[in-house]
**Q** 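Just dropping this structure here.
Just so it is clear: chains get the letters A, B, ... in the order the sequence lines come, proteins before strands, and each one is counted from 1.
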Protein chains: 2
Amino acid sequence: MTEKLNVVPFVSVDHMMKLVLAVGVERFLTEMSAYIEEDFLRWEQFDKTPRIASHSHDGVIELMPTSDGHLYGFKYVNGHPKNTRDGRQTVTAFGVLADVGNGYPMLLTEMTILTALRTAATSAVAAKYLAPKGADTMAIIGNGAQSEFQAVAFKALLGVNKLRLYDIDASASQKCKANLAGMGFDIVIADNAQDAVEGAQIITTVTADKQLATILTDNMVGTGVHINAVGGDCPGKTELHKDILLRSDIFVEFPPQTRIEGEIQQLAADHPVIELWQVMAGKAQGRNSSAQVTLFDSVGFAIEDFSALRYVRDKLIDTGLFEELDLLADPDEPRDLFGMLLRAAKASAV
Amino acid sequence: MTEKLNVVPFVSVDHMMKLVLAVGVERFLTEMSAYIEEDFLRWEQFDKTPRIASHSHDGVIELMPTSDGHLYGFKYVNGHPKNTRDGRQTVTAFGVLADVGNGYPMLLTEMTILTALRTAATSAVAAKYLAPKGADTMAIIGNGAQSEFQAVAFKALLGVNKLRLYDIDASASQKCKANLAGMGFDIVIADNAQDAVEGAQIITTVTADKQLATILTDNMVGTGVHINAVGGDCPGKTELHKDILLRSDIFVEFPPQTRIEGEIQQLAADHPVIELWQVMAGKAQGRNSSAQVTLFDSVGFAIEDFSALRYVRDKLIDTGLFEELDLLADPDEPRDLFGMLLRAAKASAV
């Protein structure tokens, strides 16, 4: 990488797509999952804070910072459900990785695509610890932008190769099926959510509704199932009936954030939950019986973005898939910022 | 500006210097000051929060967000006093302006230079309301990276044209004097701080020490003076003797932040302070006698960065001094992020 002090490597959307394709989507998800696991295993080293949200009538803009004492990362992400009307993404994101020692940014990258990948990777990592052994069938309820990433991550990490898709908009399921063609999945499009969950050991809910919705009711969830609840991720947005939560063991990323944003916003503030990192570190039990219903109440936490940023940064060196951004003022003499301006005037006058 | 949804205008360091030079430093400061005043006058419309800081052994990385309900801005800024050893800036910064309605970033810009300008502009705006009428002489104690910007801002907004410089490092004063040559200043380099303040109606302190320091003692401050205290701006970093504070009327940006970071960290948590915006809006009195010592305890607040971002954004349309950054994923169909990836693969295979 460069030694020019003014320059920050920048990964555009185009470069991110090329990077993902050069590595291969499945391998990208598998390798990034290893970074996520590594960071979850040293959870206690991180500065952790719920995201800093700026709410407005139409949506929210959030900053999600974290640091392990050596690196600092943050993500800017918005959530605007009505955006699709104008052909915009509901969620877009970008992020920065910086050196804690000198405060200089080391990477600026698009994170819309990267967030989709890290969300799916985190779900699959959680399922490695929570889903029933040998699970090969997953229902995906909600077949929007996140659905294919979930499918590929679960295939890459757990070997899931049978999908049962359902969306209130049948064209979304068709799009999902078409996108996953030729990737080794056996795909059924179901007529309703009840039909979708039949025979599935894993149920992924990933709808985009902002209202309190009930995508899954209690009678639809059989014993032994792992629920990967991805779509409920902000205040007022849930997908599961409360009765499901009451008979599940609930695993979360960062409880102070999940209690505000996750499915468990429906429960009492002291309802017991298990931190995923503790299961990974062997400090808490994950799945303990074949009858247990496990629920990963995913909302997305800053440490996952940090892992994703670390992974991308490491991949840049080999691939060269970045631009150099002239982001940092770098006067020859640090105390002479004004002089740098004067010299620029002289240089342009010549 | 562009209508391509994936593109965010980016102002590099090089473009920022060209923009400042194209507009002219004095005019840039004057025009940006008007944006700052405009935003201070509608202070109550803003979401306000103290900056979000991540402290480490060597420094701090901060995020400074704010929003007026229509636009959202944030700045990333570090502070690492030891950085100059490696030829790095102590403070570097970049920032983003976004549309609250759809959450999309509208501008990404370097803010190292821009922060230097907005800090000086804010000081000069405060002095317009607080300095004695007709003040034409300013002492500047601390002649580092911020000193020339302060000088030019006070000349542009108040007509200050006599400078008395002092720095513990005489070469810094020489650098400051040389940089300001030909700009219409009468400049004296003083042997010590006591000498520097003689005859000055305005005293600007802008040293870079991180420790609790006493740049000014009580006997050095005569009646009627306006003190522009810029250098004390984080916990443990102050420049003025407490006795000066006790006989000054103290004006601040955002009290919850200034009580942590400013000179007033030396005082009781309930020591009376006056919010600058209230003076500007006619809700509180500024200077009320020729004997009064006024103190602007400047720490830098997110709304000033917001004003600076707004100003730069408005200037881009005329000047074209920006690049287009491919920062936002923009699939033809918002729900089809994965399909965009697949189409990129096909496009690159052709």
**Q** Please state whether the side chain, the backbone, both or neither of A:S67 comes within less than 4.5 Å of a heavy atom of chain B.
**A**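 Contact with chain B: side chain only.
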**Q** Heavy-atom pairs under 4.5 Å with chain B - which of A:M17, A:K82, A:H15, A:H80 has more of them than the others?
**A** A:H80
**Q** At a 4.5 Å cut-off on heavy atoms, which part of A:T115 comes close to chain B: side chain, backbone, both, or neither?
**A** neither
**Q** Answer whether the closest heavy-atom distance between the side chains of B:Q146 and A:L337 falls below 4.5 Å.
**A**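 No. Closest side-chain heavy atoms not under 4.5 Å.
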**Q** Which bit of A:V77 is near chain B, if near means a heavy-atom gap under 4.5 Å: side chain, backbone, both or neither?
**A**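 It is neither, since no heavy atom gets under 4.5 Å.
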**Q** How long is the gap from CZ on B:F10 to CD on A:E323, to the nearest 0.5 Å?
**A**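 Those atoms lie 10.0 Å apart.
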**Q** Sort out for me which of B:M16, B:E333, B:K18, B:E148 touches chain A most, counting heavy-atom pairs under 4.5 Å.
**A** B:E148
**Q** Heavy-atom distance under 4.5 Å to chain B: side chain of A:Y72, backbone, both or neither?
**A**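 Contact with chain B is through the side chain of A:Y72 alone.
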**Q** Of all of B:T112, B:L341, B:V100, B:L342, which one pairs up most often with chain A through heavy atoms under 4.5 Å apart?
**A** B:L341
**Q** Tell me, for A:L117 versus chain B, whether the close heavy atoms (under 4.5 Å) come from the side chain, the backbone, both or neither.
**A** neither
**Q** Under 4.5 Å, counting heavy-atom pairs only, tell me which of B:T84, B:D336, B:V25 racks up the most with chain A.
**A** B:D336
**Q** Treating B:D326 as the side-chain partner and A:S12 as the backbone partner, does any N or O pair qualify as donor plus acceptor under 3.5 Å?
**A** no
**Q** For chain B, which candidate among A:Y76, A:F94, A:F338, A:F149 shows the most heavy-atom pairs at distances under 4.5 Å?
**A** A:F338
**Q** Report which part of B:D86 has an atom under 4.5 Å of a heavy atom belonging to chain A: side chain, backbone, both, or neither.
**A**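 Interface part for B:D86: backbone (N, CA, C, O).
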**Q** Who among A:T90, A:L63, A:D14 has the most heavy-atom pairs with chain B under 4.5 Å?
**A** A:L63
**Q** Need one label for A:V152: side chain, backbone, both or neither, based on atoms under 4.5 Å from any heavy atom in chain B.
**A** side chain
**Q** Using modelled atom types and a 3.5 Å cut-off, is there a donor and acceptor pairing between side-chain atoms of A:Y104 and backbone atoms of B:Q89?
**A** yes
**Q** Write down the atom of A:A98, the atom of B:I61, and the distance for their closest heavy-atom approach.
**A**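 Between these two residues, the closest heavy atoms are CB-CD1, 4.2 Å.
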**Q** Measuring heavy-atom distances to chain A, does B:V96 have an atom under 4.5 Å in its side chain, in its backbone, in both, or in neither?
**A**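 Contact with chain A involves the side chain of B:V96 alone.
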**Q** With a 4.5 angstrom heavy-atom cut-off, which part of A:L328 approaches chain B: side chain, backbone, both or neither?
**A**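 Both the backbone and the side chain of A:L328 come within 4.5 Å of chain B.
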**Q** With respect to chain A, which residue among B:V13, B:T49, B:V20, B:V91 yields the maximal number of heavy-atom pairs within a distance under 4.5 Å?
**A** B:V13
**Q** Are any of the side-chain heavy atoms of A:N102 and B:D58 separated by less than 4.5 Å?
**A**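 They are not in contact (no side-chain heavy atoms under 4.5 Å apart), so the answer is no.
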**Q** Would the distance check show the side chain of B:K175 and the main-chain N or O of A:R335 forming a donor-acceptor pair, the cut-off being under 3.5 Å?
**A**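 Present.
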**Q** Using non-hydrogen atoms only, which part of B:D169 is less than 4.5 Å away from chain A: side chain, backbone, both, or neither?
**A** side chain
**Q** Check whether any side-chain N or O of B:H57 sits under 3.5 Å from a backbone N or O of A:G69 as a donor-acceptor pair, and report yes or no.
**A** no
**Q** B:N83 versus chain A, heavy atoms under 4.5 Å apart: side chain, backbone, both or neither?
**A** side chain
**Q** Give, as side chain, backbone, both or neither, the part of A:V11 having an atom under 4.5 angstrom from any heavy atom of chain B.
**A**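 Neither; nothing under 4.5 Å.
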**Q** A:I52 versus chain B, heavy atoms under 4.5 Å apart: side chain, backbone, both or neither?
**A**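 Just the side chain, heavy atoms under 4.5 Å.
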**Q** Using 4.0 Å as the upper bound for N to carboxylate O, is an ion pair formed by B:D330 and A:R88?
**A** no
**Q** Is it the side chain or the backbone of B:A329 that comes within 4.5 Å of chain A heavy atoms, both, or neither?
**A** both
**Q** Less than 4.5 Å apart, side chain to side chain, heavy atoms only: is that true for A:M340 and B:I113?
**A**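 The answer is yes, as the side chains (C-beta and beyond) meet within the 4.5 Å cut-off.
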**Q** Looking only at heavy atoms and a cut-off of under 4.5 Å, which of A:A93, A:P65, A:P105, A:S56 has the most pairs with chain B?
**A** A:P105
**Q** Among A:T66, A:N78, A:D47, which has the most heavy-atom pairs under 4.5 Å with chain B?
**A** A:N78
**Q** Counting only non-hydrogen atoms closer than 4.5 Å, does A:L327 touch chain B with its backbone (N, CA, C, O), its side chain (CB onward), both, or neither?
**A**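 Contact with chain B involves both backbone and side-chain atoms of A:L327.
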**Q** Could you check A:F74 against B:F74 for ring-ring contact (aromatic ring centres under 6.0 Å, His included), going step by step and ending with a plain yes or no?
**A** CA-CA 12 Å; A:F74 83 88; B:F74 83 89; 5.5 Å; yes
